[in-house]
Amino acid sequence: MAANNLLEVKNIKKYFPLSKGWFSAKGHVKAVDQVSFSIQRGETFSLVGESGCGKSTLGRLINGLIKSDDGEIIFKGKNLTGANEKAWRSYRKPMQMIFQDPYASLSPRMKIKDILDEPLKIHHPELSKETRKTMVQEILDVCGIDAYHLDKYAHEFSGGQRQRIGIARALILKPELIIADEPVSALDVSIQAQVLNLLKELQENYQLTYLFISHDLSVVEHISDKIAVMYLGNIVEISPAEDIFSRPKHPYTQALLSAVPIPNPKVKRERIMLKGEIPNAANPPKGCKFHSRCPHAMDICKTVEPQLKKVEGQMVACHLY
Amino acid sequence: MYDLLNVKGLKTAFKNNNQRVSVVNGVDFGINKGEIVGIVGESGCGKSVTSLSIMRLLHDTTGDIQDGKVTFKGENLLDLSERSMRKIRGKEIAMIFQEPMTSLNPVMKIGKQLMQGIILHLKYSKEKAKKHAIDTLKSVGIPRAEDIMNEYPHQLSGGMRQRVMIAIAMSCEPELLIADEPTTALDVTIQAQILELMKRLQSDRGTAILMITHDLGVVAEVCDRVIVMYAGRVVEEASVDELFESPRHPYTKDLIESVPKIGERKSRLYSIPGHVPNPNQMPNGCKFAPRCQHAMEICFNKEPELTSEEKRKHRCWLYQQNNVGREQNLGSK
């Protein structure tokens with residue numbers, strides 16, 4: 001293991017049983033299937049993919065919000081797999097989460113000052129009330145919320161402000177890794193840009209490492225150092241951000257990129273139109289899971305599942321290479 | 001004057017604690033036959049309420065149209081009785097919504113939902129309606145159309161549901177299709193398929209489309225002409241090429257600038273300071289002035305009019321007659 005890795009995920013697996021019958025489960029949805037990657041300190045690692053590809057499940061597995069079926073999660077050199085809930089609580093202090101929906105992830109019955117005070121109370125019971133109060137004010141200031149909002153409730157804020165509060169809550173424990181699950185998808189473009197800039201600033205000032213989960217490739221390009229593309233529970237490509245946009249290797253990555261509408265009517269391009277829709281995750285195609293929609297599918301793709309291998313500095317799981 | 005739809009001075013207000021809050025305030029625009037017009041803006045700018053007002057789908061208890069004219073093929077829709085309006089909805093003007101799951105009936109088979117409109121508006125017999133329904137499903141690219149007729153919405157994926165919605169909307173061959181964020185809930189690869197389908201329907205059948213969206217990428221991809229809304233007002237109107245090439249209104253410029261674009265990595269994204277004003281605490285003068293980089297004194301006191309410049313329109317003091325000199329100023333920045 002490289003010394004600089006903050007997080008390492010090895011062959012992690014999560015199968016959700018479809019329906020628990022009397023005797024046995026009827027099958028599984030392979031939400032995350034044998035996924036491995038590592039994140040270095042200070043970098044932004046993004047997971048992209050369409051709905052149902054397992055990107056959010058993967059985020060939750062790393063944070064221990066759901067338990068993996070197999071594989072290892074190594075955070076700061078410590079293997080977290082198999083730890084009990086009590087141990088997980090202490091691991092979560094340096095590993096905080098920001099959620100997609102700022103309307104659903106803040107308690108409607110708590111004042112902002114209490115929302116931000118709670119993590120401190122739990123993880124730092126030794127701090128005095130006064131110290132905690134100053135810390136809350138400081139962090140709100142950093143995230144661009146005025147101190148006179150302290151006594152307000154979440155519903156009194158706009159979407160962008162709520163997301164700033166969500167970020168402040170994640171930041172108050174001085175985490176090293178922040179898992180941001182679609183943090184800007186619910187926001188308008190002008191607000192989205194504000195929040196993305198804030199995330200970037202915070203990363204520089206606090207040496208944060210981000211695991212950024214998103215479906216929006218243009219947002220991801222903007223913020224990431226490295227990008228992993230997921231399809232039906234597998235990572236199909238991991239590349240540095242510049243490479244994935246200039247020379248995408250996997251046919252799925254290529255199709256995904258070409259599907260993004262460009263806000264410039266003058267740009268006309270050849271669009272790779274994918275046939276059909278994402279297959280059912282409970283019954284994915286054999287071999288390469290993408291072969292049913294792939295424009296380059298060969299015979300081997302229908303039988304043998306490709307593994308990630310290095311092609312010109314990018315990691316790709318495709319028989320074409 | 002446009003030859004299909006003309007909206008003039010449309011004003012719609014919501015009732016809130018016995019107070020009237022106007023959300024759409026004097027909106028003017030029009031659509032020609034076979035044209036794709038986009039209305040773009042952020043949440044709360046009034047773009048959806050504008051479309052609901054055209055269709056008269058707002059319930060009396062929540063919101064009402066206070067002023068204006070919506071002329072469709074020479075007839076003011078706001079003067080029609082509910083009975084005559086019902087003949088227009090679904091037949092002459094059809095609508096598709098953002099969330100296909102909540103706009104389809106969950107306990108009615110797809111076939112029945114489709115045939116209802118066909119039987120009502122086209123007065124077809126049941127067999128003929130069924131055949132027409134299957135043909136329509138096929139034309140929007142639904143495989144196994146015969147089987148789908150007997151399925152319920154929950155059995156279909158999001159993209160398929162949106163295709164069914166489009167099939168229902170297109171089944172009576174309307175002249176105008178209003179699409180309110182039709183691809184927002186869909187994944188990008190599916191979004192590309194649906195946009196392609198809408199463009200094809202427009203060119204095959206000559207249906208005019210009013211595309212309501214917050215996504216400038218979608219606008220650039222499908223629209224011929226674009227209307228930009230902010231705080232219940234039209235702030236700019238231009239052809240799609242002109243709008244992206246030389247946006248006039250500072251809001252349009254800022255909006256285009258703040259979208260992250262693939263292939264242009266920047267260390268900082270451009271962002272518009274502040275946020276959209278609350279409808280019951282609208283600033284005086286130009287509604288964008290508090291967030292505008294070019295705001296002058298007059299902007300805070302007096303609201304500019306929507307003025308024409310050749311084929312485009314904008315609502316900004318920078319371009320009003322006595323301020324022509326400012327234009328170069330803005331361009332050089």
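Proteins come first, then strands; the chains are lettered A, B, ... in the order of their sequence lines, and each starts at number 1.
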- Can you say whether B:P273 sits under 4.5 Å from chain A via the side chain, the backbone, both, or neither, judging by heavy atoms? backbone
- Please report the closest heavy-atom contact between A:E221 and B:K261, naming both atoms and the distance. OE1-O, 3.3 Å
- Task: Under 4.5 Å, counting heavy-atom pairs only, tell me which of B:G44, B:G158, B:G274 racks up the most with chain A.
- Result: B:G274
- Query: Which atoms form the tightest heavy-atom contact between A:V219 and B:P260, and what is the distance?
  - Reply: CG2-CG, 4.0 Å
- Query: Do the side chain of A:Q194 and the main chain of B:Y270 share a donor and acceptor less than 3.5 angstrom apart?
  - Reply: no
- Query: What heavy-atom pair brings B:L269 and A:H222 nearest, and what distance separates the two atoms?
  - Reply: CG-NE2, 3.2 Å
- Verdict with supporting geometry, B:R268 and A:K200, side-chain contact (heavy atoms from CB on, under 4.5 Å): CA-CA 8 Å; B:R268 257 186 90 79; A:K200 274 197 139 175; over 6 Å; no
- Message: Assess the residue pair A:H215 and B:V188 against the criterion (side-chain contact (heavy atoms from CB on, under 4.5 Å)); give the C-alpha distance rounded to whole Å, side-chain angles, the decisive distance to 0.1 Å, and a yes or no.
- Response: CA-CA 8 Å; A:H215 70 282; B:V188 270; 5.8 Å; no
- Taking the side chain as every heavy atom from C-beta outward, state whether B:L216 and A:V189 have any atom pair closer than 4.5 Å. no
- Query: Does any non-hydrogen side-chain atom of A:S190 lie less than 4.5 Å from one of B:H275?
  - Reply: no
- Query: Heavy-atom distance under 4.5 Å to chain A: side chain of B:E257, backbone, both or neither?
  - Reply: neither
- Task: Name the option with the most non-hydrogen atom pairs under 4.5 Å to chain B; the candidates are A:L274, A:I223, A:N280.
- Result: A:L274
- Message: At a 4.5 Å cut-off on heavy atoms, which part of B:V219 comes close to chain A: side chain, backbone, both, or neither?
- Response: neither
- How far apart are the C-alpha atoms of A:R293 and B:T189, what are their side-chain angles, what is the distance that settles it, and do they pass the side-chain contact (heavy atoms from CB on, under 4.5 Å) test? CA-CA 11 Å; A:R293 300 172 79 197; B:T189 57; 3.5 Å; yes
- Option in B:I272, B:L186, B:V222 with maximal non-hydrogen atom pairs under 4.5 Å from chain A: B:I272
- Query: Do you know which two heavy atoms are closest between A:M273 and B:A192, and how far apart they sit?
  - Reply: CE-O, 3.7 Å
- Query: Which pair of heavy atoms, one from B:S271 and one from A:A193, lies closest together, and at what distance?
  - Reply: CB-CB, 3.6 Å
- Message: Taking side chain as everything from C-beta outward and backbone as N, CA, C, O, which of these in A:I262 sits under 4.5 Å from a heavy atom of chain B? Side chain, backbone, both or neither.
- Response: backbone
- Message: If you compare all heavy atoms of A:I191 against all heavy atoms of B:E42, which two are closest, and at what distance to 0.1 Å?
- Response: N-OE2, 4.4 Å
- Query: Would you say the side-chain atoms of B:D187 pair up with the backbone N or O of A:S51, donor to acceptor, closer than 3.5 Å?
  - Reply: yes
- Note on the structure: To the nearest 0.5 Å, atom NZ of A:K275 lies from atom CD of B:Q193 at 11.5 Å
